[in-house]
Amino acid sequence: LTFGDFNPALYYEKYRNIDQNIIHTSLKWGGGNDATRQKRVRAYIESLMMMMRNKVLINGGNVSATRIIWFYPASMSQFVLAQLQDIWRSLHQQYFPAAPALVSYSESEAPYYHCSAGLPSIHPSINIDIGGGSTDVVVFQRDQPKLLTSFRFAGGALFGNAYTKGASLDNGFVKHFMPPVELFLASNYYSLFNLNSVFNQLKDPLKNVSADLVSFFFSLDSQSNSQIAANHLDFSFAQLLRQDTDFKVMYYLFFGAQMYHIAHLMKSVGLEMPQHIFFSGNGSRVLSLLDITPNWSSLNRIAALIFEKIYETPMHKDGIQVHRNDQPKEATCKGGIKKLTLTAFGTQDSAISNVVYVGDESRTIVSETGGNYQGVRMKYAGIDNSMRESVVEEVRRCLRLLLQQIPNEFNVGNFGVPIGKMQSYYAVLDHSLDGFLQAGLLERAETTSQEATIEETLFFYPLIGALHRLGLAIANKQV
């Protein structure tokens, strides 16, 4: 029963959870055949519907004229997405029976319409929406969305537990940064009693996962946390990360791997190099941890270098500019409203193709039938040993570019990356890549049929495990 057995945890990360309550996170990834998790998802969405309807009524609005837009990650399997759509439709009919039809957009497409205002370009533009579980990418040509791709390589790749199942705090960031966070909270135990209570619950390795604990760490900021600000304390977890050089290579590899993959994808379908790259989503805060300069000149240069290497041609004279909105959720919502307006007035072409760049050495493209770009129809069952070996070798090619070739042309020390450790980093990363790839495929198989067409790249599966391994090595002073 919604608001009975299930309640949205509005106090999460702010106040202690009472013992009889169990908090579940990452609900939108809880699809598949798990009936209990489906009940949680439905109850959560129903609680949102009830609150939205009541908000409209309290403010004297018209329930029958209320338009609701919801957003989804494009990397979801079609089965899980269909389950979500069915839940949204049935609850919308229940709580807003006479309202206009429900609208849903990709999380990566919507922010572009808000963030790109005043930045026209004759070259393609990219919007990259990085969440905790997935990254959605849309390529635009003259303000029209042309290509969509998505993959499970997002904030969780840095702050999560890779392919570990169940509760675990086995993460390099947790191991390295928990002591200073714990010291700050303990030093202000009584003035920050509620936050200490939350921390004591989240640090239990038998009940929690590292991504949730790191999310709590990020909330500890005197600029945004009311409890810290009210006590006139000066603390910022994000600032701790910016000042620390040991983990800079993690952000560099995260950003570089995404640029590498997107550059290959765009080249493979015949698109020219972009000019504007817009980042949205909470996971995009990683960029501000890597490049602390006001205009992100180093990020712009790295992005351009990677595209030049992949395209094997100099960058166009307009160069690449990387942008990020400081209010990513707000940008998504405002962009969704603008897209709805553009669609209503017929100023937007909806011909967008879902394309998967598999990430092997043969540059295999999987695309939907009748789309803008030619590709093959490859099923998960068709992934053989040869394909897996090819993907692993492509990952190694990417790592060599980022850790060996790029540093010869650009001083990555500008980011604070220890340039003397590049070979050591590579040695740690180039370990069990094939095993991590297999782990990623098995995880995908939990929600996707082997007879389904490949829905996301295989390229990041090995990198998720490799980055997790590198983070632990850094925290343990092994590199």
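Residue numbers count from 1 along this sequence. Predicted model, so just to flag it, every value in this text is computed and none were measured.
- Side chains of K207 and Q201 form no contact here, defined as non-hydrogen atoms less than 4.5 Å apart.
- In this structure, T457 contributes its side chain and V356 its backbone to no donor-acceptor pair below 3.5 Å.
- The shortest distance between side-chain heavy atoms of Y426 and R396 falls below 4.5 Å.
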**Request:** Apply the test side-chain contact (heavy atoms from CB on, under 4.5 Å) to residues L403 and L429: give CA-CA distance (whole Å), side-chain angles for both, the deciding distance (0.1 Å), then the verdict.
**Result:** CA-CA 11 Å; L403 295 175; L429 292 163; 3.8 Å; yes
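- Using cut-offs of 30° and 60° for the angle between ring planes, the F153 and F151 rings count as tilted.
- T448 is linked by a side-chain hydrogen bond (donor to acceptor under 3.5 Å, both in side chains) to R444, counting only residues two or more places apart in sequence or in another chain.
- In this structure, K248 contributes its side chain and R242 its backbone to a donor-acceptor pair below 3.5 Å.
- The neighbour count for L119 CG, taken as heavy atoms of other residues, nucleotides or ligands under 6.0 Å away, is above 12.
- Inspection of the Q438 and Y163 side chains reveals no N or O donor paired with an N or O acceptor under 3.5 Å.
- Residues Y461 and V391 are not in side-chain contact: their nearest non-hydrogen atoms beyond the backbone lie 4.5 Å or more apart.
- For the pair V214/L158, no side-chain contact is recorded, criterion being any heavy-atom separation below 4.5 Å from C-beta on.
- The line from OG of S432 to CZ of R469 is 6.0 Å long, rounded to the nearest 0.5 Å.
- Q85 and S104 are not linked by any side-chain donor-acceptor pair at a separation below 3.5 angstrom, with hydrogens and angles left out of the test.
- Aromatic ring centres of Y357 and F459: separated by at least 6.0 Å.
- S150 places a side-chain N or O within donor-acceptor distance of the main-chain N or O of T135, the cut-off being under 3.5 Å.
- Between Y44 and R40 the shortest side-chain heavy-atom distance does not fall below 4.5 Å.
- Side chains of Y425 and P418 form a contact here, defined as non-hydrogen atoms less than 4.5 Å apart.
- Salt bridge E443/K165: present, at least one basic N to carboxylate O contact under 4.0 Å.
- Just one of V417, L290, I474, L241 meets the side chain to side chain contact (heavy atoms under 4.5 Å, CB included) condition when paired with M250; it is I474.
- In this structure, the side chain of N171 does not engage the main chain of N161 through any donor-acceptor pair within 3.5 Å.
- A donor-acceptor pair under 3.5 Å is formed between the side chain of S367 and the backbone N or O of Y373.
- In this pair, H176 and F247 present their aromatic rings tilted. The plane angle is within the 30 to 60° band.
- Distance alone, capped at 3.5 Å, is enough to place a donor-acceptor pair between the D291 side chain and the L299 backbone.
- Not one N or O on the side chain of S125 forms a donor-acceptor pair closer than 3.5 Å with the backbone of F140.
- S268 and R363 share no side-chain donor-acceptor pair at under 3.5 Å.
- For Y252, the ring pair (Phe, Tyr, Trp, His ring centres under 6.0 Å) criterion is met by no residue, not counting sequence neighbours.
- For residues 294-309, every residue pair satisfying the side chain to side chain donor-acceptor pair (under 3.5 Å) rule, not counting sequence neighbours, is listed here: K309-E409.
- Every pair passing ring-ring contact (aromatic ring centres under 6.0 Å, His included) that includes a residue from residues 315-335 is listed here, sequence neighbours excluded: H123-H316, H276-H323, F278-H323.
- Closest non-hydrogen pair, A257 versus L463, comes out as CB-CD1, 3.8 Å.
- The salt bridge (charged side-chain N to carboxylate O under 4.0 Å, His left out) search around D221 returns none, not counting sequence neighbours.
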**Prompt:** What do the steps show when you test K146 against L271 for side-chain contact (heavy atoms from CB on, under 4.5 Å), and what is the final call?
**Reply:** CA-CA 10 Å; K146 295 297 180 184; L271 290 169; 5.7 Å; no
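- For the ring-ring contact (aromatic ring centres under 6.0 Å, His included) with F235, the lone residue among F217, F218, F184 that qualifies is F184.
- Residues P274 and I126 share a closest heavy-atom pair of CG-CD1, 3.7 Å.
- Remark: the backbone N or O of I383 is paired with a side-chain donor or acceptor of R388 at under 3.5 angstrom.
- For the pair M259 and F307, the tightest heavy-atom approach, listed with the atom from each and the gap, is SD-CE1, 4.2 Å.
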**Asked** Can you check side-chain contact (heavy atoms from CB on, under 4.5 Å) on N208 and L213, steps first, answer last?
**Response** CA-CA 8 Å; N208 299 286; L213 183 57; over 6 Å; no
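- The two atoms that bring M273 and P314 nearest to each other are CE-O, 3.2 Å, heavy atoms only.
- The neighbour count for K175 NZ, taken as heavy atoms of other residues, nucleotides or ligands under 6.0 Å away, does not exceed 12.
- Under the 3.5 Å distance criterion, the side-chain polar atoms of S353 are left unmatched by any main-chain donor or acceptor of V355.
- Looking only at distances, no side-chain donor or acceptor of Y260 sits under 3.5 Å from a matching main-chain atom of I306.
- Counting heavy atoms from C-beta outward, M422 and V412 have side chains that approach closer than 4.5 Å.
- Partners of F199 according to the ring pair (Phe, Tyr, Trp, His ring centres under 6.0 Å) rule, which considers only residues two or more places apart in sequence or in another chain, do not exist here.
- The nearest pair of heavy atoms linking N196 to L185 is ND2-O, 3.0 Å.
- A 4.5 Å side-chain heavy-atom check between F216 and S219 finds at least one atom pair inside the cut-off.
- The shortest heavy-atom contact between F71 and S106 is CD2-O, 4.3 Å.
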**Asked** What do the steps show when you test V286 against I130 for side-chain contact (heavy atoms from CB on, under 4.5 Å), and what is the final call?
**Response** CA-CA 9 Å; V286 169; I130 307 176; over 6 Å; no
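- Side-chain contact check for Y112 and D143: at least one donor-acceptor pair (N or O, by modelled atom type) lies under 3.5 Å.
- S280 and N325 are not linked by any side-chain donor-acceptor pair at a separation below 3.5 angstrom, with hydrogens and angles left out of the test.
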